[in-house]
Amino acid sequence: QVRVVESGGGLVQAGGSLRLSCAASGRTFSSYSWFRQAPGKEREFVAGIRWSGSSTYTYYADSVKGRFTISRDNAKNTVYLQMNSLKLEDTAVYYCAAANRPFIATIRSGYDYWGQGTQVTVSS
């Protein structure tokens, strides 16, 4: 059984930092992304990472570029999202998605497996 599980969400003040983790079990994947969904809004792409051989590729939404960093730990089959300089508008449920694709998809249909989501709340 394949499972994708996020952790690390919480409440943080604006300007603060959080690190989200995404652990997959049951199979390995070569592409992961983080999406987020704020109340009343569509789920949107945040950041993605994929690897091929010794090369790793990342891609970020403009809204988080320079503030968020996506990384991986192959030994733990875990992907991280380090979020710095958090803003009120970063408040959302953050979802991890996994797939085996030769590219980083930025739409929901590009991923086969999803986690249950973790809440991130940024307060003023």
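Values in this document were obtained by computation on a predicted structure and should not be read as measured data. Just so you know, residue 1 is the first one in the sequence shown, and it goes up from there.
In this structure, Lys41 has no side chain to side chain donor-acceptor pair (under 3.5 Å) partners at least two apart in sequence or on a different chain. By the side chain to side chain donor-acceptor pair (under 3.5 Å) test, Ser17 is found to be paired with Asn84, residues two or more places apart in sequence or in another chain being considered. Residues forming a side chain to side chain donor-acceptor pair (under 3.5 Å) with Arg67 (at least two apart in sequence, or on another chain): Asp90.
Under the 4.5 Å side-chain heavy-atom criterion for ILVMFWY residues, a single connected hydrophobic cluster contains both Val64 and Leu86. Tracing side-chain contacts under 4.5 Å through hydrophobic residues (I, L, V, M, F, W, Y), one never reaches Phe68 starting from Leu11; they form parts of separate clusters.
Applying the salt bridge (charged side-chain N to carboxylate O under 4.0 Å, His left out) rule to pairs touching residues 105-124 yields Arg101-Asp112, sequence neighbours excluded. Residue pairs satisfying the ring-ring contact (aromatic ring centres under 6.0 Å, His included) criterion with at least one member in residues 73-105, sequence neighbours excluded, are absent. For residues 70-80, the set of pairs meeting the salt bridge (charged side-chain N to carboxylate O under 4.0 Å, His left out) definition, not counting sequence neighbours, is empty.
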Name each donor-acceptor pair under 3.5 Å that joins a side chain in residues 18-33 to protein atoms two or more places apart or in another chain, with its distance.
unit_1: Ser30; atom_1: OG; unit_2: Asn100; atom_2: OD1; d: 3.2
unit_1: Ser33; atom_1: OG; unit_2: Tyr111; atom_2: OH; d: 2.6

Show me, pair by pair, the donor-acceptor contacts under 3.5 angstrom made by side chains of residues 113-124, not counting sequence neighbours?
unit_1: Gln116; atom_1: NE2; unit_2: Glu6; atom_2: O; d: 3.4
unit_1: Gln116; atom_1: NE2; unit_2: Glu6; atom_2: OE1; d: 3.4
unit_1: Thr118; atom_1: OG1; unit_2: Gly9; atom_2: N; d: 3.2
unit_1: Gln119; atom_1: NE2; unit_2: Ala92; atom_2: O; d: 3.4
unit_1: Gln119; atom_1: NE2; unit_2: Thr121; atom_2: OG1; d: 3.3

Below 3.5 Å, can you tabulate the donor-acceptor pairs from side chains in residues 44-51 to any protein atom, sequence neighbours excluded?
unit_1: Glu44; atom_1: OE2; unit_2: Arg36; atom_2: NE; d: 2.7
unit_1: Glu44; atom_1: OE2; unit_2: Arg36; atom_2: NH2; d: 3.3
unit_1: Arg50; atom_1: NE; unit_2: Pro102; atom_2: O; d: 3.4

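A distance of 9.0 Å separates OH in Tyr60 from CD1 in Ile104, rounded to the nearest 0.5 Å.
Side chains of Ile70 and Tyr59 form no contact here, defined as non-hydrogen atoms less than 4.5 Å apart.
For Glu89, the CD atom counts as densely surrounded, since its 6.0 Å shell holds more than 12 non-hydrogen atoms of other residues, nucleotides or ligands.
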